[in-house]
Amino acid sequence: MSLDMEILTALRAAGEGAVSGAEISARLGVTRAAVWSRIQDLRELGYEIEASPHSGYRLLSVPDVLHADDLLSRLSRPRIIGRDIKVFRETTSTNDVVEKLARDDVAEGVVVFADSQSRGRGRLGRKWMSPPRKGLWFSVLLRPLSLMPAQATQLTVMAAVALRRAISEAGLEPRIKWPNDILINGRKLSGILTELRAELDRIKYVIIGIGVDVNLTQSEYPEELQDAATSLEIELKKPVSRPELAVAILNELETSYAALMAGDFSKLASEWQRHCSTIGQHVTVRVGEHSVSGRAEALGDDGSLLVRSEHGHLERVTGGDVKLEKT
Ligand code: BT5
């Protein structure tokens with residue numbers, strides 16, 4: 001554990017109360033001057049920490065910054081998702097950073113956040129707009145060795161269930177659009193990009209990239225997204241703390257990933273279906289050059305979408321873009 005993480009853990013454990021410099025320094029085995037100097041650095045980052053000569057240090061407020069040690073100090077352990085956390089001010093794409101870690105044999109569960117991405121991406125080479133400090137742009141490394149490559153879509157379903165739960169804790173009712181969107185009032189709030197490296201019969205690793213629009217205002221969206229996208233700030237009419245939301249999402253991911261690895265995909269799938277705006281609708285799904293039209297009936301056991309075509313065949317669709325048809 002780093003010093004910042006230990007200090008923040010001690011301050012949080014004291015709750016409304018204070019913790020003395022002597023106690024922290026004794027607990028961490030460093031001098032009181034070293035504790036003081038770390039407290040000064042945390043203050044510079046925006047942490048409001050009261051220092052009283054009598055009672056000690058008290059944490060008054062936390063800024064809207066993503067600080068790896070702070071996020072780590074808020075997560076219970078042992079855990080997989082968020083076992084380790086890295087935060088970049090700017091990167092090309094957090095999926096690329098995690099890909100490098102994966103190739104270096106880093107264990108699963110590491111999470112990489114960036115305040116902004118210069119080349120944030122969606123599926124099929126589409127762009128993902130990731131302006132500085134306006135959202136959560138992050139990726140998680142997973143090594144789900146018990147899943148076959150064809151079941152990788154289950155991970156997108158797992159992530160969508162977790163994201164929906166965390167967002168609804170903020171008091172909203174998000175809907176899931178197959179395969180990877182979280183919508184509020186029909187507008188996209190969040191997207192998931194699942195990338196995997198596999199051999200024919202074995203997944204080597206999976207990178208789940210998640211983008212959530214947190215504090216964007218309407219005018220900060222480009223023309224083409226004005227009607228199609230929304231943020232938590234727009235929906236709740238107040239700014240939302242990114243670190244708090246990040247912790248909520250990582251906790252939900254931990255729970256749903258554990259459920260998936262325990263063989264409980266069917267439970268995740270039924271929760272997914274309850275909150276899905278695609279099931280029961282007439283849809284056209286474009287998969288590359290092809291498209292399949294019909295009624296979206298259910299989620300397949302591999303995470304695919306089961307579409308009943310006009311001819312009555314049940315088609316299993318993996319990947320692709322769904323367009324809801326007016327009936
Ligand atoms: C997605 O793709 O929805 C997956 C987005 C994943 C983004 C995360 S951020 C962290 C990690 N690192 C990355 O580089 N990516 C992941 P797709 O279904 O293809 O949707 C892309 C479309 O969403 C674009 O073509 C736009 O229409 C729209 N879009 C782009 N930026 C948006 C934003 N910030 N909010 C809402 N919609 C957006």
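Along the sequence shown, residues are numbered consecutively beginning with 1. One-based numbering, in listed order, for ligands and for the atoms of each.
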Peer 1: Quick one: do V112 and I192 end up in the same hydrophobic cluster if we chain Ile, Leu, Val, Met, Phe, Trp and Tyr together by side-chain heavy atoms under 4.5 Å apart?
Peer 2: no

Peer 1: Looking at W137 and I210, would you say the former's side chain and the latter's main chain have a donor-acceptor pair under 3.5 Å?
Peer 2: no

Peer 1: Would you mind listing each N/O atom of ligand 1 next to any protein N/O under 3.5 Å, plus the distance?
Peer 2:
unit_1, atom_1, unit_2, atom_2, d
ligand 1, 2 (O), R123, N, 3.2
ligand 1, 3 (O), K188, NZ, 2.7
ligand 1, 12 (N), T94, OG1, 3.2
ligand 1, 12 (N), Q117, OE1, 2.9
ligand 1, 14 (O), S93, OG, 2.7
ligand 1, 14 (O), R121, N, 2.8
ligand 1, 15 (N), R121, O, 2.8
ligand 1, 18 (O), R123, NE, 3.2
ligand 1, 18 (O), R123, NH2, 3.3
ligand 1, 18 (O), N180, ND2, 3.2
ligand 1, 18 (O), K188, NZ, 3.3
ligand 1, 19 (O), R123, N, 2.8
ligand 1, 19 (O), R126, NE, 2.8
ligand 1, 19 (O), R126, NH2, 2.9
ligand 1, 20 (O), K188, NZ, 3.0
ligand 1, 31 (N), M129, N, 3.0
ligand 1, 34 (N), M129, O, 3.0
ligand 1, 34 (N), D213, OD1, 3.1
ligand 1, 35 (N), D213, OD1, 3.4
ligand 1, 35 (N), D213, OD2, 2.6

Peer 1: Quick test of your reading of the model: are R77 and E254 salt-bridged, counting only N-O distances below 4.0 Å?
Peer 2: no

Peer 1: Do T318 and S304 pair up side chain to side chain, a donor and an acceptor below 3.5 Å, judged on atom types alone?
Peer 2: no

Peer 1: Which distance, rounded to the nearest 0.5 Å, do you find between the CG of L253 and the CD1 of I81?
Peer 2: 5.5 Å

Peer 1: Applying side chain to side chain contact (heavy atoms under 4.5 Å, CB included) between D115 and each of K134, R89, E90, report the one that passes.
Peer 2: R89

